[in-house]
Structures are given as C-alpha cells and as structure tokens.
Amino acid sequence: MFTAKLIELGLDSFFQQQLMTDDLSVTTPVRVMNVHRSGLQLAGDDFEGYVQLSGKDYDLQPTVGDWLLADKNTHRLIRCLERKSLFKRRAPGTDHREQLIAANVDTLFIVSSCNQDFNEARLERYLAIAREAQVMAVLVLTKTDLVDDTLEFVNKARRLAPAVQVEAVNALLGKSLQCLDPWLGNGQTIALLGSSGVGKSTIVNTLAGVENITTQAIREDDAKGRHTTTSRSMHHLPGGAWLLDTPGMRELQLTGVKTGLDDVFTEISALADDCRFSDCQHENEPGCMVQEAIRCGDIELSRLDRWRKLVREESFNNATIAERRSRDKAFGRLIKRVISEKQAKKGP
Ligand SMILES: Nc1nc2c(ncn2[C@@H]2O[C@H](COP(=O)(O)OP(=O)(O)OP(=O)(O)O)[C@@H](O)[C@H]2O)c(=O)[nH]1
Ligand SMILES: [Mg+2]
Ligand SMILES: [Zn+2]
C-alpha cells in the first residue's frame, strides 16, 4: 500500500499506522524537505515541489522533516502527522517564542571541530535537546587532520557523555566518514547541528559525493564560521538516508527540556534528589549531597556551574514563553470580542 518511494522518504510504520483510516486515493503523505518564509518544499510519492503557505496552513506549524497529509490533486495541506521526535529552542532575540528546529529525526549528529570551537557547555545544550526528544545522539568531531592530538578532544567528549558514541573525522574524506555508516540506513533521517564553520555541510557534501551545498573557510583570527548555510534542508544520500543540514546557530536557548537536562547531568540531578531540603539550591545548605560530591572531588565545580546555568535558563525561558502565549491568547480573545461586538452593532 505504501510505495518504496514513500518508505525511502522515511515513512516507516510509526507514520503508516497514522494513515490507516485515510482515503489514500484522494490524499497522500508528503514530507517537508525545506522551509521557506512563505512556503514549503515537499516531496512525496509522485510529487516534488514548492507549496505556498496560506492562512490555516500556518496553524500546522510545519517544520523540516515533518510528514503532512495533502490533497493528491491540489496539494492543499490537511494535517500534520504526529511527530516521532521534535527539536526546538527559544527563538533568538527578545521574542520569547518557541522555534521548531526539525521533526522526525532518527539520529542527531552533534558536530564540533577539534579547535577553539570545541566547547563542553555548548555540547551539553545539544545533548539536552537530543535526550528530551529521545533521539540517539552521536558526537562528531571534525578537522582531525588539522590537530596533532585528536585524542584529547575525543576524551573530553567521552567524559561529557559516557553513553554517547564519539566519532572523530576528517569531513573532507569519504573514507574517514565511513564510521558514520551505522546510522545512515535507508529511510533514516539524521540531523546535523553545531556551530557555524564546524563542517556540517562539508559532511553532507562528502557523504553525498557531490558538492551540492556551498561551504566556506572559517575566519582565521578566531576560527569562527561565516554562517554560510542559511536554511534547513534535507539531502538524500546514495545509500538511502536523509541528512538534514542546518545553519550554525549563534545561540541555542533551551526550553521545554527539563527531563533532557536531568538526563545529561544525571550524576548531579540524581544526587540533588537526595539533598535534605527539597528546595536546596546546592550552595551551602546543610545536608546538600551535591556540595558533598564537590568536596569529595566526584563532581567538578565547572560541571555544576554549567548545570546550574542551564537549569536556570531553561526554567526562565519556559516561564517567559508561557507568559507570551497567554498574552497572545488574551489578545486573540480581545480581537474576537471587538469583532463580534461590531457585528452585533451592525445588526443582521
Ligand atoms: N581540513 C578540514 N577542513 C574542514 C573539515 N570539515 C570542514 N572543513 C572546512 O571548514 C570550512 C567550514 O565548513 P562548512 O561545511 O561550510 O561548515 P558548516 O558547519 O556547514 O557552517 P555553516 O553553514 O556556516 O553553519 C570549510 O572551508 C570546510 O572545507 C575537516 O574535517 N578538515
Ligand atoms: Mg553549512
Ligand atoms: Zn543540594
């Protein structure tokens, strides 16, 4: 019933069973390949193309990787299928909104290079969103050809997340990327997240075997990237997997990842549960298990500081986003009332 094309696009049993009661002679599932300001690049069974978004379509909140049900002839969008996984963050700036990054990702490649970009605090952010979405994460360390001691970076990464696979690669060499094959099966979706200039697009180009995406040398003075990629898009590999390339993010502000953070910092969060006071701030309260672990040298102070900062940030962002939402809702109700009062005045 579902064609090989749809299965190759990633329509596995999780999505298939959501379509059991739909009449697929008039509707068809399509996947979001690329999101533009006012439209979507879609791919489906016998359709590939751009669809303009209008009115109610925005309510579907489609993001790259999503599966949508569309009318077979008009390609009018009907609904968004339930997501297998979802990455989001707080939108940059002062907007206090949630921003969806990608949906229906099977594996996340967290990309960092073996240079000044390598930053434990940043990796922990990416790990938290992967844990929250229950997506398998792989730490991919690039530019091994440019450093003498790759092992130093690999060990740091391993210590950060003992359960997470770490792969060190030269992204310019296909042979070096063979270690990523286990995650690149037919129909699998793999997102690449990481700072600008770490080599996300280079990985995609090398694995695809074609230079489809523009890449650009990083700045020499501070090794920062130049924000070369500007939109999120899916790329097909010869082996049948989908790589989701993303623009390097200047800031990944966490929101809605409390469980993810608990998981990433499990050695701290587990101890914190046992502190004498349930509202312990882990500063200098008596019976604080976290401070005890610091004293014993079981936990590094820097790791505790990073945990504190992320927990605070996450709960602050949750609160401000919730506040914004309720303000938006109240405003929506006000508009509705004004319109209906106006109509009532006008009479029938
Ligand atoms: N020597 C070496 N250079 C690499 C490697 N990976 C990436 N580069 C180079 O690093 C530069 C930046 O790579 P990109 O692939 O554009 O980085 P990106 O992560 O896509 O960056 P944004 O699109 O800005 O987010 C390019 O000049 C690449 O050729 C690597 O493993 N070794
Ligand atoms: Mg790029
Ligand atoms: Zn405590």
Side-chain angles (χ1 to χ4, degrees), residues 34 64 92 101-102 108-119 122 126 139-148 150 153-154 167-180 190-208 210-220 222-235 243-252 262 265 267-296 298-299 301 304-305 307-308 311:
N34 202 327
V64 65
I101 301 171
L108 173 64
F109 287 173
I110 301 172
V111 188
S112 169
S113 43
C114 299
N115 61 18
Q116 289 108 296
D117 168 75
F118 188 93
N119 177 308
R122 189 178 315 115
Y126 290 115
L139 290 176
V140 182
L141 307 180
T142 56
K143 310 199 185 185
T144 52
D145 53 312
L146 300 181
V147 285
D148 295 331
T150 306
F153 293 96
V154 172
E167 299 292 349
V169 302
N170 173 352
L172 295 164
L173 282 184
K175 218 169 148 43
S176 172
L177 294 180
Q178 278 174 2
C179 58
L180 303 178
I190 303 93
L192 296 106
L193 293 183
S195 311
S196 176
V198 295
K200 300 177 295 298
S201 304
T202 305
I203 291 177
V204 179
N205 283 341
T206 303
L207 286 173
V210 277
E211 297 282 315
N212 272 342
I213 318 173
T214 307
T215 62
Q216 210 181 165
I218 57 175
R219 301 196 303 223
E220 267 180 27
D222 59 1
K224 282 201 188 327
R226 297 167 195 269
H227 294 278
T228 311
T229 306
T230 53
S231 78
R232 288 163 282 150
S233 59
M234 303 254 284
H235 302 268
L243 287 187
L244 203 165
D245 189 24
T246 66
M249 287 189 240
R250 286 192 178 80
E251 63 171 350
L252 180 68
D262 279 353
F265 292 90
E267 85 281 18
I268 302 181
S269 53
L271 282 175
D273 286 343
D274 289 339
C275 291
R276 186 177 308 159
F277 303 112
S278 62
D279 60 348
C280 184
Q281 298 298 302
H282 324 297
E283 307 275 0
N284 36 35
E285 292 92 337
C288 175
M289 302 306 287
V290 177
Q291 283 299 337
E292 179 63 23
I294 295 278
R295 267 192 298 279
C296 299
D298 292 339
I299 294 174
L301 193 57
L304 175 64
D305 286 342
W307 175 69
R308 272 217 189 92
V311 167

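Every number for a ligand or one of its atoms is a count from 1 in the order of the listing.
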| With only distance considered, is R226 within less than 3.5 Å of ligand 1 through an N or O on each side? | no
| request: Any atoms of ligand 1 less than 4.0 Å from a non-hydrogen atom of T202? List them with their elements. | output: 7 (C), 13 (O), 14 (P), 15 (O), 28 (C)
| task | Could you tell me which atoms of ligand 1, counted from 1 in the order shown, lie closer than 4.0 angstrom to a heavy atom of L146? | result | 1 (N)
| Greater than 12 external heavy atoms within 6.0 Å of D148's CG | no
| Of all the non-hydrogen atoms in the protein, which one sits nearest to atom 3 (N) of ligand 1, and at what distance? | L172 CD1, 3.6 Å
| message | Nearest 0.5 Å, please: how far is CH2 in W307 from CZ in F265? | response | 9.0 Å
| query | Can you list the ligand 1 atoms lying under 4.0 Å from a non-hydrogen atom of N170? | reply | 30 (C), 31 (O), 32 (N)
| Taking N or O atoms only and a 3.5 Å limit, does P247 qualify as a polar contact for ligand 1? | no
| query | Heavy atoms, side chains only, cut-off 4.5 Å: are L141 and V154 in contact? | reply | yes
| query | What protein N, O or S atoms come within a distance below 2.8 Å of the Mg ion (ligand 2), ordered by chain and number? | reply | S201 OG, T229 OG1
| query | Should the heavy atoms of other residues, nucleotides or ligands under 6.0 Å from CZ of R250 be counted, would the total exceed 12? | reply | no
| field | Residue pair G174 / T206: nearest heavy atoms and the distance that separates them | value | N-CG2, 3.4 Å
| field | Identity and distance of the protein heavy atom lying nearest atom 17 (O) of ligand 1 | value | G199 N, 3.1 Å
| Residue part near ligand 1, for D145, under 4.0 Å between non-hydrogen atoms | side chain
| N or O contact, I218 vs ligand 1, cut-off under 3.5 Å | no
| query | What pair of heavy atoms forms the shortest contact from I268 to L304, and how long is it? | reply | CD1-CA, 3.9 Å
| message | Nearest 0.5 Å, please: how far is CG in L207 from OG1 in T202? | response | 11.0 Å
| said: List ligand 1 atoms under 4.0 Å from V198, heavy atoms only on the residue side. | reply: 17 (O), 19 (O)
| For atom 16 (O) of ligand 1, which protein heavy atom lies nearest, and how many Å away is it? | T215 CB, 3.2 Å
| Contact check: T229 vs ligand 1, nitrogen or oxygen atoms, below 3.5 angstrom | yes
| remark: Closest to atom 21 (O) of ligand 1 among protein heavy atoms sits G197 N, 2.8 Å
| request: Write out the residue and atom name of the closest protein heavy atom to atom 10 (O) of ligand 1, then the distance separating them to 0.1 Å. | output: K143 NZ, 3.1 Å
| said: Just verifying a value: how many Å separate K143 NZ and I218 CD1, rounded to the nearest 0.5 Å? | reply: 4.0 Å
| request: Can you see which heavy atom on V64 is nearest to which on S233, and at what distance? | output: CG2-CA, 4.5 Å
| Is there a nitrogen or oxygen of S196 sitting under 3.5 Å from a nitrogen or oxygen of ligand 1? | yes
| note | What lies under 2.8 Å from the Zn ion (ligand 3), restricted to protein N/O/S atoms, is C275 SG, C280 SG, H282 ND1, C288 SG
| Measuring from L192:CG to L244:CG, what's the distance to the nearest 0.5 Å? | 8.0 Å
| field | Under 3.5 Å: N/O of T142 near N/O of ligand 1 | value | no
| Any idea which atoms of ligand 1 are less than 4.0 Å away from a heavy-atom of T228? | 22 (P), 23 (O), 24 (O)
| Side-chain touch L180/I190, heavy atoms, less than 4.5 angstrom | no
| message | If you count every heavy atom of other residues, nucleotides or ligands that lies below 6.0 Å from E220 atom CD, does the total exceed 12? | response | no
| said: For the 3.5 Å polar cut-off, considering only N or O atoms, please tell me whether A171 and ligand 1 meet it. | reply: yes
| task | Write down the atom of R232, the atom of I101, and the distance for their closest heavy-atom approach. | result | NH1-O, 2.5 Å
| Per atom 20 (O) of ligand 1, closest listed option by heavy atom (G194, S201, S112) | S201
| field | ligand 1 to D245 polar contact by distance, N or O atoms, under 3.5 Å | value | no
| message | Could you check whether any side-chain heavy atom of D274 comes within less than 4.5 Å of a side-chain heavy atom of E292, counting everything from C-beta outward? | response | no
| query | For the residue pair I213 and N205, what are the closest heavy atoms and their distance? | reply | O-ND2, 2.8 Å
| task | If you have a sec, work out which protein heavy atom is nearest atom 11 (C) of ligand 1 and how many Å separate them, to one decimal? | result | Q216 O, 3.2 Å
| query | Can you list the atoms of ligand 1 that are under 4.0 Å from a heavy atom of H227? | reply | 24 (O)
| query | Measuring from F109:CZ to I203:CD1, what's the distance to the nearest 0.5 Å? | reply | 7.5 Å
| request: With rounding to the nearest 0.5 Å, note down the distance linking CG in L146 to SG in C114. | output: 9.0 Å
| query | Hey, which atoms in ligand 1 end up nearer than 4.0 Å to a heavy atom of G248? | reply | 25 (O)
| Are any of the side-chain heavy atoms of F153 and S113 separated by less than 4.5 Å? | no
Please list every donor-acceptor pair under 3.5 Å in which a side-chain atom of residues 193-200 meets a protein atom from a residue at least two apart or in another chain.
| unit_1 | atom_1 | unit_2 | atom_2 | d |
| --- | --- | --- | --- | --- |
| S195 | OG | D117 | OD1 | 2.9 |
| S195 | OG | R122 | NE | 3.4 |
| S195 | OG | R122 | NH1 | 2.9 |
| S196 | OG | R226 | N | 3.3 |
| S196 | OG | H227 | N | 2.7 |
| K200 | NZ | G194 | O | 3.1 |
| K200 | NZ | S195 | O | 2.7 |

| Pick from T215, T214, T246, T229: which one makes a side-chain hydrogen bond (donor to acceptor under 3.5 Å, both in side chains) with S201? | T229
| query | Excluding sequence neighbours, so at least two apart, what forms side chain to side chain donor-acceptor pair (under 3.5 Å) with Q291? | reply | none
| Considering only heavy atoms of A217, which atoms of ligand 1 have at least one such atom less than 4.0 Å away? | 27 (O)
